[in-house]
2 protein chains.
Amino acid sequence: MLDITALTKEDAATCPVRSVLSKVTGKWQILIFLALEDESHRFGELKRTVGDITPRVLTENLKSLERDGFLTRTVHSGPPLAVSYELTEMGHSFIKVIKPVVFWAGDNFQSIDAARKKFAS
Amino acid sequence: MLDITALTKEDAATCPVRSVLSKVTGKWQILIFLALEDESHRFGELKRTVGDITPRVLTENLKSLERDGFLTRTVHSGPPLAVSYELTEMGHSFIKVIKPVVFWAGDNFQSIDAARKKFAS
DNA sequence: CAGAATCCGACATGATACTG
DNA sequence: CAGTATCATGTCGGATTCTG
């Protein structure tokens, strides 16, 4: 088993596992990762692709991911002003381990739903 | 690419991916999973193993994981009263896909930390 | 176009005290 | 032992408005 004690009593800034998990614990990050998997996108494109996200929240998420080295932000001087976001090598590496979780979710949602219904009864 | 539109505009109750990710978005669930990976544990054991978690929060987490079929709760009539928690087959299946993420975190934390320092400058 | 500023509400967690 | 009950708080996301 992993050394659990090494993961406890630490905040997200210092605990490796929590630091990484925090990149997908939000409501939108996983969608951002998937949107950027194959190609870079501009701010507005991301906003449309991801869905109902507000610009403030999108900016916040992108800044967090950029800050931790998962993606890069590139400004193309306008006008019109354009800013593109692209996954880094680390971002691509991360998506490789997180996608199985996404697929697992698709494969097992029925079971989870069944468990919920059973538990309710 | 995955069909992102299928993942948007849905709450955690109906979106497969978010429903599953919500099992590790909390501060404690991953620790609970790892603690139960090799053997079942009683409430008090879990509390000590996981660390500074309060009984209220531990109960809440365990109930959520039980409700969705990741673990089972077994009452052994006392006295003394004993309640043991054990991963289900689905729980074990899930830990298989989530552990690579944990390992990835250990392998890449240095890079994340470096990116943070660089970004700050 | 790509954000920033401000205000607000919801939910997860923490602290403390109590119980079958 | 294994929880439950209350109260307090902090962070994340949502809505709205404004700007280089």
Side-chain angles (χ1 to χ4, degrees), chain A residues 7-15 18-19 21-32 35-36 40-68 71-86, chain B residues 7-13 15 17-19 21-32 35-36 40-68 71-86:
Chain A
L7 308 181
T8 57
K9 303 189 180 184
E10 311 222 28
D11 56 40
T14 54
C15 173
R18 289 242 296 282
S19 168
L21 282 179
S22 74
K23 297 298 132 187
V24 288
T25 60
K27 187 174 173 179
W28 303 106
Q29 293 111 317
I30 188 71
L31 296 172
I32 295 174
L36 292 175
S40 71
H41 284 289
R42 296 174 52 181
F43 187 87
E45 293 174 338
L46 278 176
K47 189 162 153 37
R48 280 188 298 278
T49 305
V50 165
D52 269 342
I53 192 170
T54 64
R56 194 191 66 78
V57 174
L58 180 55
T59 300
E60 196 173 81
N61 276 269
L62 289 170
K63 201 173 293 180
S64 165
L65 292 173
E66 183 199 1
R67 175 171 172 275
D68 284 7
L71 55 79
T72 59
R73 175 182 185 271
T74 308
V75 180
H76 309 275
S77 306
L81 174 59
V83 179
S84 65
Y85 295 88
E86 185 172 13
Chain B
L7 309 182
T8 56
K9 302 189 180 184
E10 312 223 26
D11 56 40
C15 173
V17 172
R18 290 241 298 282
S19 168
L21 282 179
S22 75
K23 295 298 130 186
V24 288
T25 59
K27 186 175 174 179
W28 303 106
Q29 293 110 317
I30 187 72
L31 297 171
I32 296 173
L36 292 175
S40 70
H41 283 289
R42 298 174 52 182
F43 188 87
E45 292 174 338
L46 278 175
K47 188 162 154 38
R48 279 188 297 278
T49 305
V50 165
D52 270 341
I53 193 170
T54 64
R56 195 189 66 78
V57 173
L58 179 56
T59 300
E60 198 173 80
N61 276 269
L62 289 171
K63 202 173 292 181
S64 164
L65 292 173
E66 183 200 1
R67 175 172 172 274
D68 284 6
L71 56 77
T72 58
R73 175 180 183 272
T74 308
V75 180
H76 310 275
S77 307
L81 174 59
V83 179
S84 65
Y85 294 88
E86 185 172 12

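Every chain is numbered from 1 and lettered A, B, ... according to where its sequence line falls, protein lines coming before strand lines. Given the structure is predicted, the values throughout are model-derived calculations rather than measurements.
Between the CZ atom of A:R48 and the P atom of C:dG3 there is a distance of 13 Å, given to the nearest Å. Atom P of nucleotide C:dA4 and atom CD of A:E60 are separated by 11 Å, given to the nearest angstrom. Look at CG on B:L31: it is 15 Å from C1' on C:dA12, rounded to the nearest Å. Distance, A:D52 CG to D:dA15 P: 8 Å, rounded to whole Å. When rounded to the nearest whole Å, the span between CD1 of A:I53 and P of C:dA4 equals 14 Å. The nearest whole Å value for the distance from the NZ atom in B:K47 to the C1' atom in C:dT13 is 13 Å. Whole-Å rounding puts the B:L81 CG to C:dT19 P distance at 17 Å. The distance between atom CZ of B:R56 and atom C1' of C:dT16, rounded to the nearest whole Å, is 12 Å.
The side chain of A:R73 contributes an N or O atom lying less than 4.0 Å from OP1 or OP2 of C:dG3.
For the helix from C:dC1-D:dG20 to C:dG20-D:dC1, the angle separating the two terminal helix axes comes to 50°, with each axis derived from five pairs and the value rounded to 10°.
Interatomic distance, A:L65 CG to A:T72 OG1, rounded to the nearest 0.5 Å: 11.5 Å. Atoms CH2 and CG, from B:W28 and B:D52 in turn, are 6.0 Å apart once rounded to the nearest 0.5 Å.
With D:dA2, C:dA2, D:dT4 as the choices, the nucleotide that has an atom nearest any side-chain atom of B:V83 turns out to be D:dA2. With C:dA2, D:dG14, C:dT13 as the candidates, the nucleotide lying closest to the side chain of A:A82 is C:dA2. Nearest to the side chain of A:T54, among C:dG14, D:dA2, D:dG14, sits D:dG14. Closest contact between the side chain of B:K27 and the listed nucleotides C:dG3, D:dA2, C:dT13 involves C:dT13. The side chain of B:P55 lies closest to D:dT4 when the candidates are D:dC1, C:dT13, D:dT4.
A heavy-atom distance below 4.5 Å is not found between the side chains of B:I53 and B:L31. Counting only heavy atoms from C-beta outward, the side chains of B:I32 and B:L58 approach each other to under 4.5 Å.
In this structure, the side-chain contact (heavy atoms from CB on, under 4.5 Å) partners of A:E60, at least two apart in sequence or on a different chain, are A:R56. Checked against side-chain hydrogen bond (donor to acceptor under 3.5 Å, both in side chains), A:R48 has no partners two or more places apart in sequence or in another chain.
In this structure, A:K63 and A:P80 both approach DNA chain C, and ranking their closest nucleotides by distance from the 5' end singles out A:P80.
Annotation for B:Q29 and B:K23: closest pair CB-O, 2.8 Å, computed over non-hydrogen atoms.
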